[in-house]
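First comes the structure, then the notes that go with it.
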Number of protein chains: 2
Amino acid sequence: MARPLVPLISIDALVSAALELVDEAGDFSLPKLAKRIGVSQSSIYNHVSGREEILELMRGRIISESTYELDVQQDWEAALRAIVRSYRDAFARHPRLAPLLVLQTVQDHQVLGLYEDLALALEAAGFHGRDVLSAISTIDSFALGFALDLAAPDVVWAPPQQGFPTLSSALANAGPADERGEAAFEFGLEILMAGLHSRLRTTVQ
Amino acid sequence: MARPLVPLISIDALVSAALELVDEAGDFSLPKLAKRIGVSQSSIYNHVSGREEILELMRGRIISESTYELDVQQDWEAALRAIVRSYRDAFARHPRLAPLLVLQTVQDHQVLGLYEDLALALEAAGFHGRDVLSAISTIDSFALGFALDLAAPDVVWAPPQQGFPTLSSALANAGPADERGEAAFEFGLEILMAGLHSRLRTTVQ
DNA sequence: ACGATAAACGAAAGCCTTTCGCTTAAGTCT
DNA sequence: AGACTTAAGCGAAAGGCTTTCGTTTATCGT
């Protein structure tokens, strides 16, 4: 086939189809992506530079889909909570995408905007100098860790019947996997916020 | 070649070689693993079930290599700090392994032992019921997040020159990548501990 | 009118994991 | 001692994967 009258491929369609594949199968490949859109593998290279760019585009897409509102009236804590929740919500809708993104540099504009807002909220809170990036890294680790938890197998820990009594009883106490994840995230967010408050109190201003 | 007098492959040698490859290249493959040991790819299947088992064996190996001492005298906070540090140290020695493990259920005995100790320390601290697993998940998210940070590209965020002033200046303030990671981990650990303390104070006992 | 660009295609190179059948040494049982 | 089972190597091949390259042809700008 020669050049079609109307392009068969668009970046939007590419990203949507790739996201569908990841949601369904936990991964995507160019052959499957091409088959889903109904084109050949190699045609895709006319629109993106390769697999990595598609991944980065997916990151931007899911972050854009999960917006948060920053309100001038808001205190920094409310802002931080809103940002972290929105980040985590983005991955909650597409849990299996998180593992595919951990090794890539963040370049997407939308996503950088989220980190910029994070930095602003932290400065408003009273963090200075190197602490700002340390706090960003901490929040990022936390949010990424919980995002990955959403993608983890239902059974994260599989102790044998004998030998790990405390861990086993903690697991027995927990409800179904999604409830456990939800409860853990809420718990973790409280820990994080309390920790940040405490740090601000104890640091010489 | 028929069956050799002395086996050419042992699980220990397999894991060591695989770990070397991951340290060097960030990944390992059976062809490369086989070449390094000096056998053919398919022979490896006589010793392990496949790629996944090798990954799980590597997890056990690095956790075993990074021990911590739990001392009856110790308070729970010291115990938690020791466990989290040891976990993070394990991945600091083999940063590029972390991303390969995020999707796998933990089955290794040594690693389960670490989580058992974590559960014990949390109960000693005064957490009960579902909170134990929530706290484990929170600590796990932190530790995993920071482990992944060690494997991340030197440039985690790449904002363009214009448009993200607060993030850019936070990045400019930071030193080299490894110092940033180290400072962030220490910062995060304080936040985590302070948060847990705060939670214990405010929860009805 | 014409040249450049864009967007499709097929073919192929060079990775990867895993399975299969074949060979032969070592160990075990009678 | 002879025979059977197992363990551990091998090569070949199936069927994935990403990416590059050359070819074709429609559209657009000058």
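Here is the naming used below: chain letters follow the sequence lines, and residue numbers restart at 1 for every chain.
- For the pair Asp27(A) CG and dT18(D) P, the interatomic distance rounds to 8 Å; values are reported in whole Å.
- For dA6(C), its base never sits under 3.5 Å from the side chain of Asn46(A) at any donor and acceptor pair.
- Remark: C1' of dT18(C) and CD of Glu53(B) are 15 Å apart, rounded to the nearest angstrom.
- Rounding to whole angstrom units, CD1 of residue Ile54(A) and P of dT19(D) are separated by 8 Å.
- One atom, NZ of Lys35(A), and another, C1' of dA8(C), lie 18 Å apart when rounded to the nearest Å.
- In this structure, the CD1 atom of Ile11(B) is 13 Å from the C1' atom of dA8(D), given to the nearest Å.
- Taking the charged nitrogens against the carboxylate oxygens, Asp27(A) and Arg51(A) do have a contact shorter than 4.0 Å, which makes a salt bridge.
- Picking from dT18(C), dC10(D), dA8(C) the nucleotide with the shortest atom distance to the side chain of Ile9(A) gives dA8(C).
- Which of dA8(C), dT17(C), dT18(D) sits closest to the side chain of Arg51(A) comes down to dT18(D).
- Between Asp131(A) and Arg180(B) there is no salt bridge, since no side-chain nitrogen of the basic residue lies less than 4.0 Å from a carboxylate oxygen of the acidic one.
- Taking only distance into account, the side chain of Ser42(A) meets the base of dG10(C) through a donor-acceptor pair shorter than 3.5 Å.
- Salt bridge annotation for Arg93(B)-Glu65(B): absent, with no cationic side-chain nitrogen under 4.0 angstrom from a carboxylate oxygen.
- dT19(C) atom C1' lies 14 Å from atom CD1 of Ile44(B), rounded to whole Å.
- Distances were taken from every side-chain heavy atom of His47(A) (C-beta onward) to each of dA8(D), dA7(C), dC10(D); the shortest belongs to dA7(C).
- For Ser43(B), whose side chain is taken as the heavy atoms from C-beta onward, the closest listed nucleotide among dG9(D), dT17(C), dT20(D) is dG9(D).
- Using cut-offs of 30° and 60° on the angle between ring planes, the pair Phe146(B) and Phe142(B) is parallel.
- For the OP1/OP2 pair of dC16(C) and a distance below 4.0 Å, the side-chain nitrogens and oxygens of Lys32(B) include at least one atom meeting the criterion.
- We find that CG of Leu30(A) is positioned 16 Å from C1' of dA13(C), with the value rounded to whole Å.
- Listed nucleotides: dC9(C), dT17(C), dT18(D). Nearest to the side chain of Pro31(B): dT17(C).
- Counting only heavy atoms from C-beta on, Tyr45(B) has its side chain closest to dT17(C) among dT17(C), dC9(C), dT18(D).
- Between the side chains of Arg88(A) and Ser66(A), not a single donor N or O lies within less than 3.5 Å of an accepting N or O.
- With rounding to whole Å, Leu55(B) atom CG is found 13 Å from dT17(C) atom C1'.
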